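Hydrogens, waters and symmetry mates are skipped; everything else that's a heavy atom, side chains included, is used. Here the structure is a predicted model, which is why all the values come from computation and not from measurement.
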Amino acid sequence: MKILSKKSLIDSKIAKISSIELSSPEIASKVMPGQFVVIMVSEKGERVPLTVVEKDAAEGVIKLIFQEAGLTTKMLGTMKEGDLLYSLVGPLGHPTQIKKYGKIIIVGGGVGSAEIYPVAKAMKEAGNHVITIVGARSKDLLILENELKNSSDEFYVATDDGSYGRKGFATDILEELLSKGKYDLVYSVGPIPMMKSSSIVTKKFNTKTIVSLNAIMVDATGMCGCCRVTVGGKTYFSCVDGPEFDAHLVDWEELAKRGKIYEDKEKHICKLDKI
């Protein structure tokens with residue numbers, strides 16, 4: 001699949017985040033908010049799941065956002081407009097249930113902003129009063145701020161260092177809002193600790209909460225079982241049964257432990273030209 005355009009969103013010593021637009025008419029015609037695709041940069045590379053941030057069904061184009069973390073995403077970062085990906089599969093996972101809930105809060109942490117954007121936009125179009133909270137370590141690590149503002153009735157920012165918005169965590173603002181009024185739904189996406197914290201906060205207020213789990217995926221079509229998660233005491237595969245689940249039923253301790261399985265290998269330094 002051809003890369004039609006590529007844009008650097010953040011290029012710092014801390015993080016490198018980019019967006020790419022791909023030509024994929026079939027996926028663009030079917031993908032819904034909450035679903036993802038899997039890409040392979042090269043024949044010998046791993047399969048990487050990425051949320052579809054935007055689509056243009058008429059033009060047959062989808063937009064993805066990725067952060068350079070491991071070898072494959074760093075390889076993707078070296079690709080240019082006109083280059084071809086080895087493969088692209090999707091749409092995968094169940095779409096978000098979009099309907100008129102009433103007043104909802106959407107929380108995004110870090111690159112999770114890319115995942116909440118299509119949901120916030122769809123929820124707003126469905127007639128909901130959308131409040132969006134985004135969190136980042138600092139101002140220069142925020143992405144999609146304007147896009148999320150335009151898809152929200154209220155918009156809040158929290159940064160760890162206080163360089164922008166409110167100093168603290170997105171969940172601090174979430175708790176304050178819930179303490180002042182009733183909300184019909186909370187939707188949270190981001191690092192596991194942030195989603196777990198969101199779940200703890202909303203459970204105190206008995207507020208329905210959905211999370212999109214970023215469990216480790218190898219195959220992403222339900223064949224390998226690597227992305228298994230425990231929800232309500234039952235085992236599910238986040239790729240085919242999710243990626244969205246009831247936050248109050250997720251076994252967060254197990255999810256965190258499974259997410260660290262390959263930590264030692266992720267720290268291994270590889271040269272890009274070896275793949």
Side-chain angles (χ1 to χ4, degrees), residues 15 17 33-36 49-51 53 65-67 69 93-97 101 104-120 123 130-137 141-144 148 152 156-160 166 168-178 183-217 226-239 241-261 263:
I17 302 175
Q35 292 186 297
F36 63 97
L50 295 171
T51 296
V53 180
I65 290 179
F66 68 95
Q67 179 173 353
H94 292 284
T96 305
Q97 186 176 12
Y101 293 91
I104 66 175
I105 301 175
I106 298 180
V107 187
V111 187
S113 292
E115 298 177 57
I116 66 170
Y117 171 53
V119 174
M123 288 293 192
V130 177
I131 299 175
T132 301
I133 309 169
V134 294
R137 283 179 285 176
L141 294 178
L142 283 173
I143 61 171
L144 299 177
L148 286 166
S152 309
Y156 300 90
V157 175
T159 52
D160 295 359
R166 171 174 167 173
F169 304 113
T171 49
D172 296 335
I173 299 175
L174 173 64
E175 185 160 14
E176 285 187 8
L177 291 173
L178 291 175
Y183 293 86
D184 301 289
L185 177 72
V186 170
Y187 183 89
S188 180
V189 187
I192 291 174
M194 190 219 76
M195 291 190 290
K196 178 183 177 181
S197 181
S198 294
S199 175
I200 292 172
V201 168
T202 59
K203 193 170 185 178
K204 291 192 298 184
F205 296 94
N206 195 31
T207 304
K208 180 179 179 179
T209 305
I210 300 298
V211 288
S212 181
L213 300 184
N214 51 1
I216 293 174
M217 295 184 189
C226 185
C227 68
R228 63 172 60 91
V229 294
T230 300
V231 182
K234 297 181 180 179
T235 299
Y236 296 93
F237 293 166
S238 61
C239 64
D241 298 316
E244 298 176 355
F245 295 95
D246 184 332
H248 300 154
L249 300 179
V250 173
D251 185 333
W252 292 105
E253 298 303 322
E254 179 191 65
L255 181 65
K257 289 178 181 178
R258 291 186 62 82
K260 295 179 180 179
I261 290 176
E263 262 191 354

Looking at Lys208 and Asp184, what are the two nearest heavy atoms and their distance?
CB-O, 4.1 Å
Can you name the residues that form a side chain to side chain contact (heavy atoms under 4.5 Å, CB included) with Tyr236, not counting sequence neighbours?
Val229, Val231, Lys234, Asp241, Phe245
Does anything in residues 189-205 pair up under salt bridge (Lys or Arg N to Asp or Glu O under 4.0 Å), and if so which pairs, sequence neighbours excluded?
Glu175-Lys204, Lys196-Glu253
Considering only heavy atoms from C-beta outward, does the side chain of Leu185 approach that of Met123 to under 4.5 Å?
yes
To the nearest 0.5 angstrom, please state how far the OG1 atom of Thr132 sits from the CG atom of Leu148.
6.0 Å
What is the minimum heavy-atom distance between Ala170 and Ala158, and which atoms define it?
N-CB, 3.7 Å
Closest heavy-atom pair, Gly109 versus Pro191, reported as atoms and distance to 0.1 Å, is O-CD, 3.6 Å
Between the CG atom in Leu178 and the CG atom in Asn206, the distance rounded to the nearest 0.5 Å is 11.0 Å
Side chain proximity check, Val107 to Ile116, heavy atoms < 4.5 angstrom
no
Atom pair OG/CD1 of Ser199 and Ile210 - distance to nearest 0.5 Å:
10.5 Å
More than 12 heavy atoms of other residues, nucleotides or ligands under 6.0 Å from OH of Tyr183: yes or no?
yes
Any donor-acceptor N/O pair, Glu254 side chain to Thr230 backbone, under 3.5 Å:
yes
Distance-minimising heavy-atom pair for Val189 and Met195
CA-SD, 4.0 Å
How close do Thr171 and Ser198 get, heavy atom to heavy atom, and via which atoms?
CG2-OG, 3.5 Å
When rounded to the nearest 0.5 angstrom, what distance separates NE2 in His94 from CZ in Phe36?
10.0 Å
Begin with the C-alpha distance, continue with both residues' side-chain angles, and end with the deciding distance and a verdict on side chain to side chain contact (heavy atoms under 4.5 Å, CB included) for Leu144 and Ile65.
CA-CA 10 Å; Leu144 299 177; Ile65 290 179; 3.8 Å; yes
Indicate the atoms forming the closest heavy-atom contact of Ala15 with Gln67, along with that distance.
CB-NE2, 3.7 Å
Find the distance between SG (Cys227) and CZ (Arg258) and round it off to the nearest 0.5 Å.
8.5 Å
Passing option when Tyr187 is tested against Thr209, Thr96, Ile105, Ile104 for side-chain contact (heavy atoms from CB on, under 4.5 Å):
Thr96
State, with a plain yes or no, whether a side-chain heavy atom of Trp252 is found less than 4.5 Å away from one of Val211.
yes
Output the distance between atom CG (Asn214) and atom CD1 (Ile192), rounded to the nearest 0.5 Å.
5.0 Å
Side chains of Phe169 and Asp160 in contact at under 4.5 Å (non-hydrogen atoms)
yes
